[in-house]
Amino acid sequence: MPLYHDDDQAMLADTASQFMAEEGSIKKQLRHWRDRDCKDGFGHGLWEQMGELGFTGILLDEDDGGLGMGHVEAGIVLEEIGRNLTPSPFLTTSVLAATALKHGSDDLKQRYLPGVVSGKAVYAVAIDEGTKHNPARIKTKAEKSGNGFKLSGQKDFVVHGASSDMLVVAARTSGSDDDADGITLFAVPRDAAGMSHDAVRLVDSSVATHTKFDGVELDGDAVIGEVDGGREILNRVLNAGRIGAAAEGVGVARGAMDMTVDYLKQRKQFGKPIGEFQALQHRAAHLYSEVEIARAVVIKAQQLLDAANENGGSEKAELMVSVAKAKVAKTAGLAVREGVQMHGGIGMTDEYDIGLYMKRDRALQEFLGDAYYHANRVAELSGY
Amino acid sequence: MSDLEAFREETRQWLEANCPPEMRQPVRDEEDVYWGGRNASFKSDAQKAWFDACVAKGYTVPAWPKEYGGAGLSAPEAKILRQEMSRISARPPLSSFGIWMLGPALLHFGTEGQKQRFLNEIARGEIRWCQGYSEPGSGSDLVSMQTFGEDRGDHWVVNGQKIWTSYADEADWIFCLVRTDKENKYQGITFMLFDMAGGGVTTKPILLISGNSPFCETFFDDVAVPKSYGDDCPGYVGEINRGWDVAKYLLGHEREMISGAGGGDRTAAIGAAMLRHSGELDPLLRAELAMFDVDALAYSAMGEKFLDEVKVGKAHPAQPNMMKYAGTELNKRRHELMMSAGGSRALEWESEETGGGKPSRNWLRTKANSIEGGTSEVMLNVISKRILDLPGA
Ligand SMILES: Cc1cc2nc3c(=O)[nH]c(=O)nc-3n(C[C@H](O)[C@H](O)[C@H](O)COP(=O)(O)OP(=O)(O)OC[C@H]3O[C@@H](n4cnc5c(N)ncnc54)[C@H](O)[C@@H]3O)c2cc1C
């Protein structure tokens, strides 16, 4: 498959780009909700509009009301979200939770998928424990209790946790903290007794929670997939989320770069546009190269992952997802740092948008593993 | 089975039957490369057998039309051949500036007579070409070059000096930028083709920091260059005084080639090989190797994307400059890390264990990657101007 968008994908990109620029703009969404101190950090109206366009169910099967598309297409939407810094629960709901629910029972699908398709529901995933992403270690416990389970422990960096109608929680049902096996995924409804959220606003104005589970009683039918067999599904959820975050990160990098290159053409010092200074030209040109390479590896990983999902997993896809996540983290980081620096003083002001890119990038880098985590994973998967 | 799948199957069988086992190993150094030319000799029977088989099949230049010595493969077929050759680590049967540079220029600008003659000679490895562009006073600012050809009716008399001419001392012919109009900077250069054995050409090898001397100073002393080599076969490419167009077109190809856009070893990850080699890795070195592998694997995806986009005309025309910049900088970093992982052994300059100092010589050689064919700084200038559209660039 060639590494560029086919005609249908290009059309989708046009639609998504126009929609996000008009409806999802920084002014209409990010700043609007931030300045009102919105407890969700995003607007439900926009989320429902994304449902009407079909975006929210992009990864779901057509039988479930979705578009039956893959990670290349989800990535197209995410890249536009990234460019416009559009706050929405798309990544956690339509990518992460949706991927988990695909492996759930018919009952779970019927209960939870229509809300994804309509954009009326918001879902979150609770995986991390502690301040750094480390899904190999899961301590949160779900003990057998009657016909169901009793969940106890704490999850961190649960993005949109307090706004969610349901949380996908990875918990240990057997074995010890670092075992690969013995993990089970649960769909925990928002009103579950014993679940409490400590909501915190993050640097990018999104809201995440530290979520406590204090003997939360769950029915057996809250289990997604098999008891003790959650690792395989968790890996799929993580791959989907990571490549999604990488696609959004490419959008952030492009948004910051475009803004900066425009500024270099506009801003005059010493009687000429600052873009005439070679010191700045070379940094901009280097950044362009890195962003192009990051885009290339993201589409490569998306295609591999889509192919792997049809053929049941592939090591190459795993590897390239981590390569992509690491490369994007480094590249978007470069884009926003160069962006702020080349804007000079105005780059430090809240009024100007470039700083918002820097904030979003920081949160995205950390989400589902930063450049160090994924470079290390690349080394491990390569055998060193 | 689709046509392409059938082609892949056929290619596999052909390679199985024709590529000797000795030729199924990555190229280790210069010795393993066959450049062709009047004075060429094969290093082994296997090298000769592989070369002959490829010439007969048109596989020294698979994508060139059959009438010019190629196999007339379509772009997807050529990609399959590349993949299948790389799968068994088959060496290129023939390497030459004729294939990489002059050939593409002739395919684009050449007359039928020039194509018939020169392309077939290149495909069969009969004539080895070198590239005469740079001069002592004109490197990055190439268009300021001075080597002059005086018009004498049916020929020019060329005087001047080129420098950094790769393999000039081993080449048979040269494609050379010669000023034919002193008043006109850009439209006063002719892209000439001539035999270096015809009299008046001397070459003087220059020793590189790697201890090798693959390039030369090249002097022209009243060299007579014919305007025509016979029917429909001019002694220059394109039009007289419009050689700059040809030179620019060709630089694009050179940059693609140097960037290693086609993939292969240069874009592969190295961490695992370094561990096998050293037995253990310092944790900080391991971390740097991991960061390098991220960049290398990402760049290999870029190479694939670039070729896919070139095929359908989606690539930005100045994109090869980006590929060259990123690819050569990456290759330099690769060799820095290989030296670090190699430790004191890698410092050995002449030992048998290092094949005569390969690690250090190769490391030093890579420093030229970001100079030859246009420096990294010049690539960044071009990206600024042609892609980012920055003012005054
Ligand atoms: C191994 C090798 C093989 C070669 N083979 C050939 C060959 O076969 N045929 C041939 O004709 N030539 C060949 N070259 C020559 C090569 O193309 C030139 O070396 C190259 O174009 C740079 O020119 P220069 O050496 O004169 O450096 P200069 O142009 O003098 O550059 C010196 C420094 O100044 C920087 N610089 C120059 N202009 C600018 C600018 N506008 N903005 C910012 N920085 C700038 C450069 O980037 C560089 O860092 C070869 C070179 C090498 C190293």
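Every chain is numbered from 1, with letters handed out A, B, ... down the list of sequences. Worth knowing before you read on, the calculation uses all heavy atoms, side chains too, and leaves out hydrogens, waters and symmetry mates. It should be emphasised that the depicted structure is a prediction, and the values quoted were computed from it without experimental measurement.
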Turns out that what part of B/Glu377 lies under 4.5 Å from chain A's heavy atoms comes down to both
Between A/Val378 and chain B, with a heavy-atom cut-off of 4.5 Å, which part of the residue counts as in contact: side chain, backbone, both or neither?
side chain
Can you say whether B/Leu380 sits under 4.5 Å from chain A via the side chain, the backbone, both, or neither, judging by heavy atoms?
both
Give, as side chain, backbone, both or neither, the part of A/Met320 having an atom under 4.5 angstrom from any heavy atom of chain B.
side chain
Separation of B/Lys314 NZ from A/Tyr4 OH (nearest 0.5 Å)
6.5 Å
Residue among B/Val294, B/Leu281, B/Leu289, B/Asn321 with most heavy-atom pairs under 4.5 Å to chain A:
B/Val294
Do the side chains of B/Leu390 and A/Lys265 get nearer than 4.5 Å, heavy atoms only?
yes
Below 4.5 Å from any heavy atom of chain A, which atoms of B/Asp389 appear? Answer side chain, backbone, both or neither.
both
Return the minimal non-hydrogen interatomic distance between B/Pro391 and A/Gln281, and the atom names on each side.
O-NE2, 3.3 Å
Least distance between heavy atoms, B/Ala290 atom then A/Tyr384 atom:
CA-OH, 3.3 Å
Within a 6.0 Å radius of atom CZ on B/Arg8, are there more than 12 heavy atoms belonging to other residues, nucleotides or ligands?
yes
Take atom NE2 in A/His5; do more than 12 heavy atoms of anything else shown fall under 6.0 Å from it?
yes
A/Gln341, CD atom: more than 12 neighbouring heavy atoms under 6.0 Å
no
May I ask you to name which of A/Lys300, A/Arg295, A/Gln278, A/His282 has the most heavy-atom pairs under 4.5 Å with chain B?
A/His282
Where on B/Val382 is there a heavy atom nearer than 4.5 Å to chain A: the side chain, the backbone, both, or neither?
neither
Side-chain touch B/Ile383/A/Ser289, heavy atoms, less than 4.5 angstrom
yes
Identify the two heavy atoms, one from A/Glu292 and one from B/Met322, that lie closest to each other, and give their separation to 0.1 Å.
CB-CE, 3.6 Å
Considering only heavy atoms and a distance below 4.5 Å, find which of B/Arg276, B/Glu329, B/Met379, B/Gln319 pairs most often with chain A.
B/Gln319
Contacting moiety of B/Ile387, where chain A heavy atoms sit under 4.5 Å:
side chain
Would you indicate whether A/Asp7, at its atom CG, is surrounded by more than 12 heavy atoms from other residues, nucleotides or ligands within a distance under 6.0 Å?
no
Below 4.5 Å from any heavy atom of chain B, which atoms of A/Lys272 appear? Answer side chain, backbone, both or neither.
neither
Based on non-hydrogen pairs under 4.5 Å, which of A/Glu380, A/Arg377, A/His374, A/Lys327 is most in contact with chain B?
A/Lys327
Please report the closest heavy-atom contact between A/Leu3 and B/Asp308, naming both atoms and the distance.
N-OD2, 2.9 Å
Is it the backbone or the side chain of B/Leu388 that comes under 4.5 Å from a heavy atom of chain A, or both, or neither?
both
Grab the two heavy atoms, one from A/Ala371 and one from B/Met291, that are nearest each other, plus how far apart they are.
O-CE, 4.1 Å
Chain B contact via A/Ile274 - which portion, at a heavy-atom distance below 4.5 Å
neither
On a heavy-atom basis, which atom in A/Ser382 and which in B/Ala272 lie closest, and how many Å separate them?
O-CB, 3.3 Å
If you draw a 6.0 Å radius around CD in B/Glu280, do more than 12 non-hydrogen atoms from other residues or ligands fall strictly inside?
no
Does some side-chain heavy atom of B/Lys305 sit less than 4.5 Å from a side-chain heavy atom of A/Val297?
no
In terms of heavy-atom proximity below 4.5 Å to chain A, should B/Ala326 be classed as side chain, backbone, both, or neither?
side chain
Under 4.5 Å from any heavy atom of chain B - which part of A/Leu319:
side chain
Atom CD of residue position B/Glu288 - does it have more than 12 heavy atoms of other residues, nucleotides or ligands inside 6.0 Å?
no
